Amino acid sequence: MSATPETARIVADNWKRVCEAVVEACAQAGRSASEVTVVGVSKYVGPELTQQLIQAGCGVLGENRPQQIWDKDQWLREHASGSSFEWHMIGHLQRNKARRTIPLLGSLHSLDSLRLAKAVNDAAANSEQSEPRLDVLLEVNVSAEEAKTGAGREEILEIASALVDLPHLRLRGLMAMSALNADAEQARRQFSQVREYRDQLAGQFPDLDWSQLSMGMSGDFEQAILEGSTFVRIGSSLWTGVV
Ligand SMILES: *Cc1c(COP(=O)(O)O)cnc(C)c1O
């Protein structure tokens with residue numbers, strides 16, 4: 001759908017509703033709402049509607065494909081310079097796309113292999129940003145389903161051990177997804193396992209920052225917030241009525 005004043009109003013309403021639901025979930029979890037950042041996932045829409053989400057107040061945009069970030073970033077620079085936002089990459093990043101993608105990112109949630117970590121470190125080193133250090137989260141596959149993305153526990157250990165030699169990466173924590181067919185209770189249990197795993201890693205690698213947890217999407221962010229999520233990645237709920 002093309003962007004109109006009507007879509008701007010709907011997107012702003014959706015944004016407000018999602019933010020209120022996140023605040024409510026934080027209250028139920030006994031947590032401060034300031035601990036949780038909503039990543040507005042813009043993969044379902046084009047740059048015009050993405051801009052309307054920024055105008056509604058969303059300052060962190062999530063995309064799962066590098067090409068979308070390249071294209072939208074350029075469009076927003078040309079058409080909406082001055083708007084303030086950052087990109088968070090939440091999907092698998094191919095190594096050969098790191099060099100072009102990394103300079104555009106505020107954070108990479110989906111670091112899922114040692115080879116990618118090395119490529120991202122090199123790309124961050126060569127990026128022209130004033131501080132050549134990129135925030136990264138390690139994407140863990142907790143359910144060990146074959147079709148799932150993310151690294152297994154052995155690989156997480158391998159990456160965490162290597163970070164000392166990758167000075168352009170700044171670890172912030174873990175990212176995970178619940179299983180596709182999980183109900184609310186199962187999703188909560190999986191998020192709880194991620195939190196426990198994070199606590200274990202924090203004991204094992206006390207010099208690294210494990211404070212952030214990227215967990216929860218439109219269908220399960222309440223459960224994720226109950227289990228300590230600090231980034232909820234919300235897509236579909238933000239675009240009801242416009243796609
Ligand atoms: C699409 C996507 C989301 C958003 O999911 P919704 O169910 O649309 O809220 C979150 N995380 C990742 C990795 C995604 O690809």
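Predicted model only: the values in this text are computed from it and were never measured. Note that ligands are numbered from 1 as they come in the structure, with each ligand's atoms numbered from 1 the same way.
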Of all protein heavy atoms, the one nearest atom 11 (N) of ligand 1 is Arg233 NE, 2.9 Å
Atom 9 (O) of ligand 1 has as its nearest protein heavy atom Ser218 OG, 2.5 Å
For Ile234, the atoms of ligand 1 under 4.0 Å from one of its heavy atoms are 9 (O)
Requested in this report: Look at Lys118 together with Asp122 and state whether they make a salt bridge at an N to O cut-off of under 4.0 Å.
Outcome: no
Counting N and O atoms only, with roles assigned by atom type, does the side chain of Trp75 sit under 3.5 Å from a partner on the main chain of Gln51, one being a donor and the other an acceptor? no
Check your understanding: Is the closest heavy-atom distance from Tyr44 to ligand 1 below 4.0 Å?
Key -> yes
Charged tip of Arg100 within 45° of Trp70 ring normal and under 6.0 Å: yes
The closest protein heavy-atom partner of atom 14 (C) of ligand 1 is Lys43 NZ, 3.0 Å
(message) I'd like to know if Arg195 pairs up with Glu227 as an ion pair, taking the criterion as any Lys NZ or Arg NE/NH1/NH2 lying under 4.0 Å from an Asp or Glu carboxylate oxygen.
(response) yes
Checklist line | Parallel, tilted or perpendicular: ring planes of Phe85 versus Trp87, cut at 30 and 60 degrees | finding: perpendicular
In this structure, atom 10 (C) of ligand 1 is nearest to the protein heavy atom Met217 SD, 3.1 Å
Looking only at non-hydrogen atoms, the one of Ser236, Gly219, Ser237 nearest atom 6 (P) of ligand 1 is Ser236
Give a yes or no on whether Gln74 atom CD has more than 12 heavy-atom contacts from other residues, nucleotides or ligands under 6.0 Å away. no
Of all protein heavy atoms, the one nearest atom 13 (C) of ligand 1 is Ile90 O, 3.4 Å
